Visitor: 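Here's a structure for you.
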Amino acid sequence: MSKIRYSIIAPCYNEEANLPELQRRITEIMDKTGESWELVLINDGSADRTPEIMRELHAKDAHIHFIDFARNFGHQVAVTAGMDYAQGDAVVLIDADLQDPPELILEMIKKWQAGYQVVYAVRSDRKGETWFKIWTAKFFYRLIYNITDVKIPLDTGDFRLMDRQVVNAMKQMKERHRFIRGMTSWVGFKQTGVTYVRQERFAGETHYPLRRMIRFASDAITGFSHVPLQIATFLGFGIATLSCLAALAVVGARLSGNHAFFGQATTLVMVLFLGGVQLISLGIIGEYLGRIYDEVKGRPLYVVKEAVGFES
Ligand code: UDP
Ligand code: MG
């Protein structure tokens, strides 16, 4: 088989209704390049007919390669598996729900040919998403930007093109709680963006409810920042300083015959406040500790049931 020029990676979790359309649109676009390409689909433990459809597509079209996971391992891990198996000189990550327009890939390829090694897609607008999702996402990207050391471009998702050199660098990053956007920024290389309007889902519903979004955000933050750990230190210094000043004030008041500081209510409120602060700090340490434990166990990132269409 000839060497593959472009690999398009699409993680799929219950995307049976989107796959045929995805294949059609990708084929239409990629055939325009006149070069060899593959579409790498990852079935992330879907409960619907996603794997069967992948098999059917593969039987009809040799460009389609797929990896079938033994269970659901999550979006970021599915993308990672795609990167491990992809063979192209340039690799594109795209969502299977057609929220990322495949047509943009041609624009990304142009930038790649001009010498950029990472071309990320910046969302100038989002269609068909609730204001809640839009605003929490906006807040999240800005928070990450401000508290992490890597400068992750604002309003970018995983939709991006990466050069083989970048993919190889990222394959060496074995962390378990993965935040692909942060990892691409971390490796460096020459990067640029192209803007697009994020579309509505072609079919189906989002698999990122609030609970998963929070998990995703905490993976991103703990993966790239120690700021939460330092919060306890800052709070500790702040509260200690305040209580020294308060002690002086109380002594002063008592000496001048003022008895305003009697009473359980004040004590109770202060004790509860400090208890709360301590529990939060402990929880933050726990978040990091849990992740360290996950890393130390050293389990494989994912388990593959079957990989079809790839050269050995
Ligand atoms: N996805 C996945 N595993 C999961 C959840 C999602 O592979 O556990 C895939 C999903 O099929 C889609 C992409 O990740 O191709 C983005 O997910 P989704 O569209 O639900 O997220 P949103 O676009 O709403 O942020
Ligand atoms: Mg989506």
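As the structure is a prediction and not an experimental result, all values here were calculated from the model. We count ligands from 1, going down the list as the structure has it; atoms in each ligand are counted the same way.
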Visitor: What's the separation between atom CD in Glu175 and atom CG in Asp294, rounded to the nearest 0.5 Å?
Guide: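 Reported to 0.5 Å precision, the distance equals 12.5 Å.
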Visitor: Can you list the atoms of ligand 1 that are under 4.0 Å from a heavy atom of Cys12?
Guide: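 Contacts of ligand 1 toward Cys12, numbered from 1: 7 (O), 11 (O).
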Visitor: Would you tell me whether Thr50 and Arg55 have side-chain atoms, one donor and one acceptor, within less than 3.5 Å of each other?
Guide: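 Looking only at side-chain atoms, Arg55 and Thr50 do not form any donor-acceptor pair under 3.5 Å.
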Visitor: If you measure from each non-hydrogen atom of Asn14 to ligand 1, which part falls under 4.0 Å: side chain, backbone, both or neither?
Guide: neither
Visitor: Which of the atoms of ligand 1 are close to Gly74, meaning less than 4.0 Å from one of its heavy atoms?
Guide: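 Counting atoms of ligand 1 from 1, those under 4.0 Å from Gly74 are 3 (N), 8 (O).
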Visitor: Tell me, which protein residue and heavy-atom name are nearest atom 1 (N) of ligand 1, and how many Å apart are they?
Guide: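 Nearest neighbour among protein heavy atoms for atom 1 (N) of ligand 1, to 0.1 Å: Tyr13 CB, 3.7 Å.
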Visitor: Would Phe179 and Trp186 count as a ring-ring contact (aromatic ring centres under 6.0 Å, His included) if you check the C-alpha gap in whole Å, the side-chain angles of each, and the deciding distance to 0.1 Å?
Guide: CA-CA 11 Å; Phe179 183 55; Trp186 187 88; over 10 Å; no
Visitor: When you measure from atom 24 (O) of ligand 1 to every protein heavy atom, which one gives the shortest distance, and what is it?
Guide: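 Ranking protein heavy atoms by distance from atom 24 (O) of ligand 1, first comes Thr206 OG1, 2.6 Å.
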Visitor: Have a look at Asn43, Leu98, Asp44, Ile94 and point out the one with the heavy atom closest to atom 3 (N) of ligand 1.
Guide: Asp44
Visitor: Under 2.8 Å from the Mg ion (ligand 2), is there an N/O/S atom belonging to Asp95?
Guide: no
Visitor: Counting heavy atoms only, which of Gly157, Gly45, Pro11 comes nearest to atom 15 (O) of ligand 1?
Guide: Pro11
Visitor: At a non-hydrogen distance cut-off of under 4.0 Å, which region of Glu15 contacts ligand 1 (side chain, backbone, both, or neither)?
Guide: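 For Glu15, only side-chain atoms sit under 4.0 Å from ligand 1.
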Visitor: Show which atoms of ligand 1 fall inside a sub-4.0 Å distance from at least one heavy-atom site of Ala96.
Guide: 15 (O)
Visitor: What protein heavy atom lies closest to atom 16 (C) of ligand 1? Include the residue and the distance to one decimal.
Guide: Asp95 OD2, 3.4 Å
Visitor: Which of the numbered atoms in ligand 1 are below 4.0 angstrom from a heavy atom of Arg212?
Guide: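 By the 4.0 Å cutoff, the relevant atoms are 4 (C), 8 (O).
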Visitor: With a 4.0 Å cut-off on heavy atoms, is Arg198 touching ligand 1?
Guide: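 Yes; Arg198 lies near enough to ligand 1 that a heavy-atom distance drops under 4.0 Å.
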Visitor: Looking only at protein heavy atoms, which one is nearest to atom 25 (O) of ligand 1, and what is the separation?
Guide: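 Sorting protein heavy atoms by distance from atom 25 (O) of ligand 1 puts Lys133 NZ, 3.2 Å first.
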Visitor: What residue and heavy atom of the protein are closest to atom 19 (O) of ligand 1, and at what distance?
Guide: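 Minimum-distance protein heavy atom for atom 19 (O) of ligand 1 reads Asp97 OD2, 2.6 Å.
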Visitor: Looking only at protein heavy atoms, which one is nearest to atom 5 (C) of ligand 1, and what is the separation?
Guide: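 The closest heavy atom on the protein side is His207 CB, 3.7 Å.
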Visitor: I need the Lys110 NZ to Thr33 OG1 distance, nearest 0.5 Å.
Guide: 12.0 Å
Visitor: Write down the atom of Asp84, the atom of Tyr302, and the distance for their closest heavy-atom approach.
Guide: OD2-OH, 2.6 Å
Visitor: For the Mg ion (ligand 2), which N, O or S atom of Asp97 is at the shortest distance?
Guide: OD2
Visitor: Could you state the interatomic distance from CG (Leu98) to CZ (Arg198), rounded to the nearest 0.5 Å?
Guide: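 Going from CG on Leu98 over to CZ on Arg198, the span is 11.0 Å.
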Visitor: If you define the side chain from C-beta out and look only at heavy atoms, does anything of His207 sit under 4.5 Å from His75?
Guide: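 A side-chain contact under 4.5 Å is absent here.
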Visitor: Tell me whether Ile231 is reachable from Leu143 by hopping between hydrophobic residues (I, L, V, M, F, W, Y) whose side-chain heavy atoms are closer than 4.5 Å.
Guide: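 The answer is no; the residues belong to distinct hydrophobic clusters.
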Visitor: Which residue holds the protein heavy atom closest to atom 21 (O) of ligand 1, what is that atom called, and what is the gap in Å?
Guide: Tyr208 CD1, 3.3 Å
Visitor: Is the shortest side-chain N to carboxylate O distance from Lys3 to Asp89 below 4.0 Å?
Guide: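 Salt bridge present between Lys3 and Asp89.
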Visitor: Quick one: nearest non-hydrogen protein atom to atom 18 (P) of ligand 1, plus distance?
Guide: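 Answer for atom 18 (P) of ligand 1: Arg201 NH2, 3.5 Å.
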Visitor: Can you confirm whether Phe224 sits close enough to Met183 that some side-chain heavy atom of one is under 4.5 Å from a side-chain heavy atom of the other?
Guide: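 Yes; the side chains approach each other to less than 4.5 Å.
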Visitor: Quick check on Met173: does its CE atom have over 12 non-hydrogen neighbours (other residues, nucleotides or ligands) under 6.0 Å away?
Guide: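 More than 12 within 6.0 Å, yes.
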Visitor: Can Glu38 and Ser7 be counted as having a side-chain donor-acceptor contact under 3.5 angstrom?
Guide: yes
